[in-house]
Engineer: 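A single structure is presented below for examination.
Atoms considered below: every heavy atom in the structure, side chains included; atoms not considered: hydrogens, waters and symmetry mates. We count ligands from 1, going down the list as the structure has it; atoms in each ligand are counted the same way. Because the structure is a prediction, the values reported are computed rather than measured.
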Amino acid sequence: MLQSYFLIIVLLALPVYILVARTSSCPKPCICKKKGGTASCRGALLRFVPVFPTYVTKLYFSGNLLETINASTFRNLEGLKLVFISLGQNGITHITADAFSGFRFLLELDLSRNPKLTPLMVADAVAHIKCINFKHIILNRMIWRNEPTELYISLSHFNIQKLEMLENNFENLNMTLLSENLAQLKELRIGYGVISIIQPGYFQKLEILDLHFNRIRFTKDFFGNETTCYLPQLVKLNLAANSIASIDKLFWCLDNLNVLRLDGNPILDVLNNTFFYLPSLEILYMGNLGFRFNRIDDRAFQSSTLKQLWFFNNHFVFIKDVMHHFNETEIFRHSPKLEYLDLRGNEFPSIHVLEKMLSPVKSLSQLIIDNCQLITLPENLFSKLPNLFYVSLRNNRISSWNGQRVFGNQSSLRTMRLTGNSLSTINERMFPRKALTHLSMLFLGNNPFACTCSNVWFKNWIETEQSIFENYPELYHCKTPPEKDGELLKDGIPTQFECSNTKNELFTAIVTSLSLSGIVFVIIFSLIFRLRWHIRYWLYLYRVKKKEFSLITNEETDYTFEAYVIYCDNDLKWIQRELLGKIENESEISLCIRDRDFEVGKVYVENIIEKMNSSRRIILVISHDMVKSNWCLFESRIAQEKCLNKESDALISLMVEDVSEENMSSSLRAFVNSASLSKFPAKEYDQEQFWLNLTKLLRNQR
Ligand SMILES: *[C@@H]1O[C@H](CO)[C@@H](O)[C@H](O)[C@H]1NC(C)=O
Ligand SMILES: *[C@@H]1O[C@H](CO)[C@@H](O)[C@H](O)[C@H]1NC(C)=O
Ligand SMILES: *[C@@H]1O[C@H](CO)[C@@H](O)[C@H](O)[C@H]1NC(C)=O
Ligand SMILES: *[C@@H]1O[C@H](CO)[C@@H](O)[C@H](O)[C@H]1NC(C)=O
Ligand SMILES: *[C@@H]1O[C@H](CO)[C@@H](O)[C@H](O)[C@H]1NC(C)=O
Ligand SMILES: *[C@@H]1O[C@H](CO)[C@@H](O)[C@H](O)[C@H]1NC(C)=O
């Protein structure tokens with residue numbers, strides 16, 4: 001009795017146990033998530049479909065090996081309310097017509113990447129899906145060579161909303177046929193194909209049309225005829241990377257179009273009012289147009305709704321020349337709602353163009369001018385754009401700017417990207433903090449920073465407001481000096497203390513060099529002073545040579561003076577009292593006395609030469625002072641020159657004091673020795689004879 005009870009309990013509990021096991025365990029190596037009801041067996045290389053917990057409604061089963069599929073393949077899924085299944089890349093070669101007949105809740109089916117499947121096989125299988133709400137089918141990379149028209153027909157008894165057929169190989173697309181069978185389509189994606197011939201069709205509900213990367217030349221009749229607009233609900237249109245050369249008058253009939261992608265078409269120009277007839281257009285992509293793009297008309301971007309313009313990598317040179325047409329003041333003047341402007345990958349030969357182009361766009365809030373070969377920031381622009389909060393200037397060649405002129409008194413900028421420029425020094429002049437009160441994100445990485453004292457202000461700024469510096473410290477490196485190349489800026493910049501020391505060092509260096517040069521100057525000056533007579537003499541020789549002065553006047557001339565007297569200032573009294581008195585006054589022999597006869601205003605050297613030349617003889621008054629006087633030595637050297645070839649009696653030495661020869665310079669000694677020397681007698685009674693002899697000597701004309 002007890003045993004049979006036990007048996008009953010076991011028999012009753014078994015299915016419960018199995019049920020519990022079923023619901024709780026996820027088959028290996030799949031991953032199940034109760035929240036969201038998903039099971040993923042991607043790339044598990046399974047040859048069968050295992051049992052899943054009952055909460056699973058979405059099965060990701062791509063990358064397995066279900067080569068042939070029939071109804072029994074999905075036997076283990078019978079208890080599930082599956083709404084999505086992906087069977088992509090299973091190497092499926094065959095699907096029986098009834099394979100999907102067990103799917104009573106299926107909304108989405110993905111059969112992508114099974115190129116051995118034919119459109120006909122897929123058409124037969126999907127026709128048997130037992131769910132009337134089935135609405136999405138994805139057939140990417142089937143590499144079908146012909147348009148799957150039979151599939152359209154078999155899908156016609158569902159309300160298909162989304163059809164995706166990327167990466168297929170058919171050239172014709174008959175959107176008339178498609179629209180007749182899938183009239184409820186909201187989303188159609190047939191990109192990465194080779195479609196070149198397209199027959200337009202009327203889709204009452206189509207909101208998203210993606211035909212990018214085909215070979216289509218769209219014409220005006222694609223969007224409507226005289227009576228009907230074919231795509232009245234279209235919101236997003238992607239025509240990127242096709243063969244569109246002209247977009248003039250192309251866009252119309254698209255009253256709900258909000259996003260238009262035209263990138264990568266070989267478009268040559270944008271003429272007036274191209275987007276004017278798109279009353280809902282807010283986002284326009286027009287990048288990568290190629291090197292032949294050359295013209296933007298004044299009203300090309302005229303639109304009362306356009307908010308985002310992506311005009312990147314067009315290599316357009318914003319300069320008015322033979323090759324490029326645009327008007328800097330008009331280009332964006334007719335886009336009053338423009339908020340986001342991407343101009344990266346173009347060129348602005350003059351930075352002032354940006355101010356003229358953009359200052360009318362008061363609504364602009366985000367501006368991208370990366371990769372434009374800019375060397376500085378535009379002046380008088382940011383301050384004129386009250387809504388501008390984001391500016392990206394990455395990968396230009398910007399090295400410096402005047403912050404006052406760039407940001408004005410007040411700028412609304414919050415984010416600036418200056419990564420990858422040529423900034424080596426950042427200073428307060430470039431980032432006037434008073435004007436940049438809103439700045440909260442700054443990207444300055446990948447610039448060739450100088451890790452020298454010039455960046456001490458910058459380092460202090462980073463330390464006080466580190467949160468605004470994005471990617472700091474990892475993207476901030478030193479470039480100079482060479483020994484710090486590659487080091488992190490954080491570690492490379494010397495401290496303020498080190499720099500103030502360096503300043504002292506600099507100061508010391510300046511002082512040292514100044515004092516050194518002062519010393520040199522003093523030495524040179526004193527040398528000049530010491531050698532001044534030599535220098536004068538050399539100067540004299542030079543003048544003589546130049547003027548071809550005759551030093552030696554051999555011809556008999558009328559001399560103004562009988563003798564030129566060389567003396568030193570201290571002997572002047574003796575000269576006046578004795579020499580002049582005895583010789584000039586009593587004997588009427590004229591003498592040339594420097595202090596009396598030199599012409600005022602004439603250069604001394606010239607006076608000497610002139611007076612010596614007009615004197616028959618030279619009297620050298622030798623005294624202790626005279627021997628020491630540079631001036632007298634100078635005079636005596638000139639006299640020496642002058643007398644070199646004259647007879648010895650041209651020179652008379654008068655020794656008024658006993659000067660021993662040792663005290664004379666060697667040249668003076670030689671000079672004195674060559675002259676007739678008379679000592680002025682100390683005793684008065686001898687003096688009379690002395691004067692008599694001298695007078696005689698002076699009178700004795702040759
Ligand atoms: C379904 O396919 C499997 C192989 O994948 C095969 O063994 C089985 O017999 C097929 N069932 C039917 C009903 O054709
Ligand atoms: C496209 O399909 C429509 C409707 O079935 C048909 O009338 C038309 O001839 C087809 N066009 C082309 C080019 O095949
Ligand atoms: C315009 O297209 C619609 C929808 O395809 C069609 O019904 C209508 O006859 C066409 N009108 C003209 C003038 O071709
Ligand atoms: C475009 O519009 C501007 C201003 O209205 C006009 O001067 C210009 O001639 C127009 N361009 C063309 C190609 O019609
Ligand atoms: C640009 O347009 C303005 C306004 O129409 C005009 O005054 C100016 O001459 C134009 N500039 C050039 C270079 O054509
Ligand atoms: C900016 O500052 C200058 C000089 O301080 C002043 O004349 C000018 O009015 C200021 N501009 C604004 C917009 O505050």
Engineer: Strictly under 4.0 angstrom, heavy-atom based: which residues surround ligand 1?
Structural biologist: T68, N70, S72

Engineer: Please report the interatomic distance CD(E108) to CZ(F134), rounded to the nearest 0.5 Å.
Structural biologist: 8.5 Å

Engineer: Would one find more than 12 heavy atoms of other residues, nucleotides or ligands at under 6.0 Å from atom NZ of K249?
Structural biologist: no

Engineer: Which atoms of ligand 2 are found less than 4.0 Å from any heavy atom of L177?
Structural biologist: 2 (O), 5 (O)

Engineer: Does I197 CD1 have over 12 foreign heavy atoms under 6.0 Å away?
Structural biologist: yes

Engineer: I'd like to know if E355 and K384 make a salt bridge, using a cut-off of under 4.0 Å between side-chain N and carboxylate O.
Structural biologist: yes

Engineer: Counting heavy atoms not belonging to H157, are there more than 12 under 6.0 Å from its NE2?
Structural biologist: yes

Engineer: Which pairs, with at least one residue in residues 171-213 and sequence neighbours excluded, count as a ring pair (Phe, Tyr, Trp, His ring centres under 6.0 Å)?
Structural biologist: Y192-H212, Y192-F213

Engineer: D298 versus ligand 5: do any nitrogen or oxygen atoms come within less than 3.5 Å of each other?
Structural biologist: no

Engineer: Show the atoms of ligand 2 that are less than 4.0 angstrom away from any heavy atom in E180.
Structural biologist: 4 (C), 5 (O)

Engineer: Would a distance-only check, ignoring hydrogens and angles, find a side-chain to backbone donor-acceptor pair under 3.5 Å from D342 to F312?
Structural biologist: no

Engineer: In terms of side-chain geometry, is the basic nitrogen of R299 or D297 positioned less than 4.0 Å from the acidic oxygen of its partner?
Structural biologist: no

Engineer: Looking only at N/O atoms, are N174 and ligand 2 under 3.5 Å apart anywhere?
Structural biologist: yes

Engineer: With heavy atoms of Q199 as the reference, note each atom of ligand 2 found under 4.0 Å away.
Structural biologist: 11 (N), 12 (C), 13 (C)

